[in-house]
Amino acid sequence: MNGKLSNIGKWVFAVLAIITVGLAVYFYLDLESEARTSVILNWGYILIILGIVLALVSAIFGGIVKGVNTKKILIAIGAIVVIGVVAFIMAKGFFDIPYQAGDTLYSGKTHGLVEFGLDFFYVTLGVSILTILYSVIKSGK
């Protein structure tokens, strides 16, 4: 069963990669159209949503097959919440800063959300580096 799932995953990845390469070629060859940017952005949104759905389905499927370790799940959810709170606190000031693009003045909400996403990434990166260092030092190798 596992081999079949692996093969299905490889084929799905290959199809998504071919579509992405095709859209990238279209993006760079269609120099006259303004719609090319929205096509690439919409494909990016589709890939993000697909990735989130597949990650959740994979976690649920793995939990059903291997059994659920409630303590580890609660620790993981708690860590995500703590990282989210830290990132939000770091980005909170950016929600009030308006910015201008051309003649249009935008509120700081978009700026704050982008800063929140970047801070979330940076905090996650830092925590993962510290976790890797801790595991290497603890294992003694």
Side-chain angles (χ1 to χ4, degrees), residues 1-31 33-141:
M1 178 71 182
N2 195 16
K4 289 181 182 180
L5 285 177
S6 177
N7 286 337
I8 291 171
K10 288 177 186 176
W11 281 106
V12 169
F13 175 75
V15 168
L16 292 175
I18 290 169
I19 293 171
T20 302
V21 168
L23 286 174
V25 169
Y26 166 73
F27 181 80
Y28 287 108
L29 292 181
D30 187 21
L31 301 176
S33 175
E34 291 295 325
R36 65 190 179 122
T37 303
S38 63
V39 169
I40 284 287
L41 285 174
N42 288 334
W43 180 246
Y45 296 146
I46 290 169
L47 287 178
I48 289 171
I49 291 168
L50 187 63
I52 291 170
V53 168
L54 288 176
L56 291 174
V57 168
S58 173
I60 292 169
F61 183 73
I64 291 171
V65 170
K66 294 180 181 178
V68 178
N69 188 341
T70 309
K71 181 180 175 184
K72 288 184 179 180
I73 290 175
L74 291 176
I75 289 172
I77 291 171
I80 291 170
V81 168
V82 168
I83 291 172
V85 168
V86 169
F88 180 77
I89 290 170
M90 289 170 57
K92 190 160 177 63
F94 290 96
F95 282 94
D96 298 328
I97 300 173
Y99 64 98
Q100 187 166 358
D103 294 332
T104 308
L105 182 66
Y106 295 99
S107 72
K109 183 176 181 183
T110 302
H111 189 207
L113 290 173
V114 169
E115 187 67 28
F116 168 73
L118 287 171
D119 289 344
F120 193 91
F121 172 75
Y122 295 147
V123 171
T124 305
L125 178 67
V127 169
S128 66
I129 289 171
L130 290 174
T131 304
I132 290 169
L133 290 174
Y134 173 76
S135 66
V136 167
I137 292 170
K138 187 175 179 184
S139 70
K141 291 184 179 180

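Starting from 1, each residue takes its place in the sequence as its number.
Shown here are the side-chain contact (heavy atoms from CB on, under 4.5 Å) partners of Ile52, two or more places apart in sequence or in another chain: Ile48, Leu56. Every residue two or more places apart in sequence or in another chain that forms a side chain to side chain donor-acceptor pair (under 3.5 Å) with Thr20 is listed here: Trp43. Every residue two or more places apart in sequence or in another chain that forms a side-chain contact (heavy atoms from CB on, under 4.5 Å) with Tyr45 is listed here: Leu41, Asn42. For Ile129, the side-chain contact (heavy atoms from CB on, under 4.5 Å) partners are Leu125, Leu133, not counting sequence neighbours. Every residue two or more places apart in sequence or in another chain that forms a ring pair (Phe, Tyr, Trp, His ring centres under 6.0 Å) with Phe88 is listed here: Phe95. With sequence neighbours excluded, the residues that form a side-chain contact (heavy atoms from CB on, under 4.5 Å) with Val57 are Val53.
Here the rule is side chain to side chain contact (heavy atoms under 4.5 Å, CB included) with Ile83, and of Tyr122, Phe120, Phe121 only Phe120 fits it.
Minimum interatomic distance between Ile40 and Leu23 (heavy atoms only, all atoms of both residues): CD1-O, 3.7 Å.
Separation of atoms CD1 (Ile89) and CG (Asp119) is listed at 11.0 Å; rounding is to 0.5 Å. Here Ile49 contributes atom CD1 and Leu54 contributes atom CG; the two are 12.0 Å apart, rounded to the nearest 0.5 Å.
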